[in-house]
Peer 1: 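Once you've had a glance at the structure underneath, I'll fire off some questions.
Proteins get letters first, then strands, A, B, ... in listed order; numbering begins at 1 in each. Side chains included, hydrogens not; waters and symmetry mates left out as well; all remaining heavy atoms used.
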Amino acid sequence: MPLIEYRDALNQAFDEEMTRDENVVLMGEEVAEYNGAYKVTKGLWKKWGSKRVVDTPISEAGFIGMGVGASMLGIRPVMELMFWSFAAVAWDQIINNAAQVRYMSGGLINCPIVIRGPANGGTNVGATHSHNHESFLANIPGLKVVCPATAYDAKGLMKTAIRDNDPVMFMENTLLYGEKWEVPEEEYLIPLGKADIKREGTDITLIAHGRAALTACTAADILAAEHNISAEVIDLRSIRPLDEDAILESVSKTHRAIYIEEAKPFCGVGAQISSMIMEKIFDELDAPVLRITSIDAPAIYSPELEKRQLPRPLDVVEKVLSIC
Amino acid sequence: MATAVTTTDFSKAPINAKLSTEQKLKLLTEMVRIRRFETESLRQYNGGKIGGFLHLYNGQESVAVGCVSLMGDDDHVITAYRDHGHALAVGMTMNECMAELYGKATGCSKGKGGSMHFFAPDKNYWGGHGIVAGQTPLGLGLGYALKYKGLKGAAMCFMGDGAVNQGCFYESLNIASLFEVPVVYIIENNGYSMGTSLARSSAFKSCLAERAEGFGMAWGKCNGTDIYEVRANVQEALARAHIESKPTLLEVSTYRYYGHSVADANHTGGYRQKDEIEFYKQNHDPIQHYKRRLIEEGVLTEEQYEQIDEAAKSEAAAAAQFADESPVAGEETITQDVYFEVDRQTEAGRTGKHFFND
Ligand SMILES: Cc1ncc(C[n+]2csc(CCOP(=O)(O)OP(=O)(O)O)c2C)c(N)n1
Ligand SMILES: [Mg+2]
């Protein structure tokens with residue numbers, strides 16, 4: 001299987017879906033002639049031209065809203081936010097329009113849009129550029145939220161997201177764009193709402209999404225090698241819809257769980273998962289469900305300190321040892 | 001997007017005619033200091049000492065220096081992420097700015113803000129803002145507060161040519177005109193927003209500033225090559241704010257020599273060509289232009305210029321050394337400076353849980 005970069009896996013997904021469906025349009029700041037700020041859309045403008053790959057002015061509320069409106073009439077816009085942090089400028093279009101139009105029209109209108117881009121800290125770009133909006137957006141009924149951790153997942157989930165008839169918030173990671181994974185040459189799709197067991201284990205379940213799933217895998221390797229602890233790693237991949245069964249099944253087997261995420265703790269995805277485990281399989285638990293998140297403060301710029309702000313594999317190991 | 005050839009002699013404008021030799025040399029020195037600071041920070045960035053983004057101001061120095069040179073006690077400044085020039089112009093030290101780029105405790109924001117987020121409220125400098133056009137309503141707010149307090153001041157709000165397409169900017173223009181807020185919006189039109197030329201990003205009649213017309217607001221356009229021209233135009237807008245409490249939208253043509261940020265490798269041979277950059281360096285460089293002018297005026301000699309340049313170079317090198325030798329703040333500082341009440345341990349700060357790390 002070829003090893004390809006996360007960004008190229010996404011690029012392939014766009015290209016394949018644009019070939020399959022003439023209504024798929026890529027849009028955003030610098031996505032066309034500049035090949036994307038992070039080169040995710042590289043070569044696509046050259047191949048598909050200005051009708052299918054569109055550079056927009058810096059007007060997030062305007063062009064995201066335009067995508068929402070166009071999707072109501074059957075276009076399938078794949079909208080790039082150069083950073084998910086800039087979604088704040090377009091919040092009304094996403095939260096009041098994309099998420100609510102189906103409900104308020106009694107199901108008459110749907111909104112098959114994908115809004116995508118990187119949503120992560122860890123690159124020393126400071127508080128305004130390092131937001132993780134996943135729990136925020138998953139809080140809104142009507143939106144779907146996807147956070148792939150690998151190139152394989154990114155491609156399969158993107159193709160599904162583009163075909164999905166609801167608004168999908170697709171969150172990537174600038175630290176992963178250049179990482180490589182095996183991606184099959186033949187076509188595949190990954191359903192939204194299906195978690196992936198990234199490591200099998202018996203002693204504890206580490207649940208995570210996005211890059212934190214990779215942190216959990218590294219921690220699981222250390223736990224196996226140095227502490228004789230067998231950790232199962234569940235990567236949610238999609239946060240809403242959520243694969244509850246995968247979590248409940250795993251925790252029923254291991255009886256211990258920790259949620260790891262790079263977002264902030266308050267009302268985070270981990271808080272939702274922890275409450276769900278407690279409500280549904282309380283008797284299976286041998287320890288409280290714990291959470292590891294970024295340190296609860298705005299993203300610090302200082303390269304030295306930001307390293308410390310995000311969860312590291314050793315933070316996971318330490319937390320695991322506190323309950324195993 | 002070639003800038004218009006200057007025809008008027010702006011040295012005769014009253015605001016420039018009254019400049020002393022010392023003041024003229026200061027204008028030049030400030031521009032040179034900014035350029036040397038930026039060049040040094042680029043070197044340190046390439047040496048791995050600085051993280052994140054670095055948006056350099058080289059080529060645009062006349063705008064920040066010209067505008068700031070007109071500030072009185074109650075005039076204020078706010079800008080976007082290309083903010084080092086404005087910071088130095090208002091009097092922030094190279095040391096605190098460089099240390100901020102290094103993420104050190106001695107930085108102007110203790111290493112918390114980084115390149116895009118410099119602040120010095122004690123010098124009427126309100127940042128340093130990373131979200132394109134996010135500062136434009138804030139500039140309006142500064143002007144509003146000045147008027148509310150009955151002060152004869154103005155807020156100068158800087159922005160790029162790409163920022164003019166954000167909705168909050170138009171909301172601000174309307175409110176500024178409607179409420180008669182003493183704010184001066186200054187578009188630093190360097191021809192590009194990242195890799196997108198002005199023509200590919202903005203629809204307009206004659207220029208961007210003309211968009212103010214629809215709000216019944218005064219507007220103007222000038223060339224940034226000549227710092228005297230910048231000063232003459234901005235002075236008019238400041239007077240309008242001070243005397244009539246009315247806003248202005250000004251557009252200044254300028255040019256950036258480096259990429260959008262240091263990571264923008266595309267900027268020569270990609271969206272623009274090397275000879276275009278050379279053309280601007282040769283014909284529109286604000287420092288060279290002003291240097292020639294001062295030599296003509298008999299206020300400056302080549303030797304003096306060399307001294308100014310050398311001094312700025314060593315100041316920047318010393319700042320890099322200062323930053324390098326400065327400590328990184330402790331981990332415990334990550335959760336400081338989030339809430340005023342918690343930092344001060346007031347009653348409010350001691351009531352209820354504010355942080356959720358445990
Ligand atoms: C809301 C928002 N969208 C996009 C960006 C990314 N971005 C940063 S600067 C920039 C270009 C802005 O160009 P311009 O306003 O002309 O300012 P210049 O960089 O030329 O000084 C873009 C797209 C951002 N920081 N904020
Ligand atoms: Mg610009």
Side-chain angles (χ1 to χ4, degrees), chain A residues 29-39 50 55-63 65 82-83 85-90 92-93 122-131 174 264-268 271 290-310, chain B residues 48-53 81 100-105 107 109-117 128-134 160-168 193-197 200-203 260-261 263-264 266 270-271 328-331 333-338 354-358:
Chain A
E29 292 155 18
E30 309 290 352
V31 298
E33 297 192 22
Y34 195 76
N35 285 315
Y38 288 98
K39 308 300 166 215
S50 297
D55 277 328
T56 65
I58 310 169
S59 310
E60 283 84 0
F63 74 75
M82 197 180 284
F83 284 71
S85 287
F86 309 154
V89 175
D92 181 50
Q93 299 306 320
T123 58
N124 325 131
V125 289
T128 55
H129 282 56
S130 306
H131 292 293
T174 52
K264 305 289 155 39
F266 197 94
C267 292
L290 300 179
R291 297 185 295 144
I292 299 170
T293 67
S294 277
I295 291 178
D296 196 13
I300 197 163
Y301 157 69
S302 177
E304 279 306 305
L305 291 171
E306 199 189 13
K307 271 186 218 145
R308 178 64 199 92
Q309 190 167 15
L310 267 59
Chain B
K49 297 285 188 182
I50 297 169
F53 294 141
Y81 46 85
E100 187 61 31
L101 298 181
Y102 278 60
K104 298 296 184 74
S109 300
K110 307 175 196 164
K112 288 183 166 164
S115 165
M116 301 191 285
H117 309 116
H129 293 268
I131 297 298
V132 167
D161 48 291
V164 301
N165 297 314
Q166 287 287 37
C168 65
S193 45
M194 280 188 77
T196 304
S197 66
R200 293 208 303 118
S201 70
S202 295
H260 166 69
S261 72
D264 173 19
N266 235 358
Y271 59 84
V328 175
E331 266 175 44
T333 62
I334 295 176
T335 50
Q336 293 168 6
D337 303 312
V338 183
H354 288 77
F355 293 97
F356 296 84
N357 290 310
D358 51 24

Peer 1: Between Ser115(B), Cys168(B), Gly52(B), which has the largest tally of heavy atom pairs under 4.5 Å with chain A?
Peer 2: Gly52(B)
Peer 1: What is the distance from atom OH of Tyr34(A) to atom CZ of Arg200(B), rounded to the nearest 0.5 Å?
Peer 2: 11.5 Å
Peer 1: By a 4.5 Å heavy-atom criterion (distance strictly below it), what part of Thr56(A) contacts chain B: side chain, backbone, both, or neither?
Peer 2: neither
Peer 1: Tell me which of these, Ile58(A), Thr123(A), Val89(A), Ile300(A), has more heavy-atom pairs under 4.5 Å with chain B than the rest.
Peer 2: Ile58(A)
Peer 1: Out of curiosity, Asn357(B) CG to Ser294(A) OG, how far, rounded to the nearest 0.5 Å?
Peer 2: 9.5 Å
Peer 1: Please classify the contact of Leu101(B) with chain A as side chain, backbone, both or neither, using a heavy-atom distance under 4.5 Å.
Peer 2: backbone
Peer 1: Please test Val125(A) against Tyr81(B) for side-chain contact (heavy atoms from CB on, under 4.5 Å), starting from the C-alpha separation and ending with a verdict.
Peer 2: CA-CA 11 Å; Val125(A) 289; Tyr81(B) 46 85; over 6 Å; no
Peer 1: Give me the atom names and distance for the closest heavy-atom approach of Gly51(B) to Asn124(A).
Peer 2: CA-OD1, 3.9 Å
Peer 1: Do you know which of Gln309(A), Glu29(A), Glu33(A) has the most heavy-atom pairs under 4.5 Å to chain B?
Peer 2: Glu33(A)
Peer 1: Counting only non-hydrogen atoms closer than 4.5 Å, does His354(B) touch chain A with its backbone (N, CA, C, O), its side chain (CB onward), both, or neither?
Peer 2: backbone
Peer 1: Using non-hydrogen atoms only, which part of Thr333(B) is less than 4.5 Å away from chain A: side chain, backbone, both, or neither?
Peer 2: side chain
Peer 1: Check the pair Tyr301(A), His117(B) against side-chain contact (heavy atoms from CB on, under 4.5 Å), reporting the backbone distance first and the verdict last.
Peer 2: CA-CA 9 Å; Tyr301(A) 157 69; His117(B) 309 116; over 6 Å; no
Peer 1: Chain B heavy atoms under 4.5 Å from Lys39(A): which part of the residue, side chain, backbone, both or neither?
Peer 2: side chain
Peer 1: In terms of heavy-atom pairs under 4.5 Å with chain A, which of Ile334(B), Val338(B), Val328(B) leads?
Peer 2: Ile334(B)
Peer 1: What is the minimum heavy-atom distance between Ser302(A) and Gly103(B), and which atoms define it?
Peer 2: OG-O, 2.8 Å
Peer 1: Please state whether the side chain, the backbone, both or neither of Tyr38(A) comes within less than 4.5 Å of a heavy atom of chain B.
Peer 2: side chain
Peer 1: Please report the interatomic distance CG(Asp296(A)) to OG1(Thr335(B)), rounded to the nearest 0.5 Å.
Peer 2: 8.5 Å
Peer 1: CG of Asp264(B) to CD of Glu30(A): how many Å apart, nearest 0.5 Å?
Peer 2: 8.5 Å
Peer 1: Using a cut-off of under 4.5 Å on heavy-atom pairs, state which of Thr128(A), Ile292(A), Asn35(A) scores highest against chain B.
Peer 2: Thr128(A)
Peer 1: Using non-hydrogen atoms and a 4.5 Å limit, figure out which bit of Ala133(B) sits close to chain A: side chain, backbone, both or neither.
Peer 2: neither
Peer 1: In terms of heavy-atom pairs under 4.5 Å, which option from Lys110(B), Met116(B), Lys104(B) contacts chain A the most?
Peer 2: Met116(B)
Peer 1: Which residue out of Gly111(B), Ala105(B), Gly162(B) racks up the most heavy-atom pairs below 4.5 Å with chain A?
Peer 2: Gly111(B)
Peer 1: For the pair Phe356(B) and Phe266(A), name the ring-plane relationship: parallel under 30°, tilted 30 to 60°, perpendicular over 60°.
Peer 2: perpendicular
Peer 1: Looking only at heavy atoms and a cut-off of under 4.5 Å, which of Lys112(B), Gln336(B), Gln166(B) has the most pairs with chain A?
Peer 2: Gln166(B)
Peer 1: Given the options Ser59(A), Ala32(A), Gly126(A), Ala88(A), which has more heavy-atom pairs under 4.5 Å with chain B than any of the others?
Peer 2: Ser59(A)
Peer 1: Of the backbone (N, CA, C, O) and the side chain (C-beta and beyond), which part of Met194(B) lies under 4.5 Å from a heavy atom of chain A, both, or neither?
Peer 2: both
Peer 1: Check this for me: Lys264(A), atom NZ, are more than 12 non-hydrogen atoms of other residues, nucleotides or ligands nearer than 6.0 Å?
Peer 2: yes
Peer 1: Relative to chain B, which of Pro298(A), Ser85(A), Ala299(A), Ala297(A) shows the most heavy atom pairs under 4.5 Å?
Peer 2: Ala297(A)
Peer 1: Given a strict heavy-atom distance threshold of 4.5 Å, which part of Asp337(B) is in contact with chain A: side chain, backbone, both, or neither?
Peer 2: neither
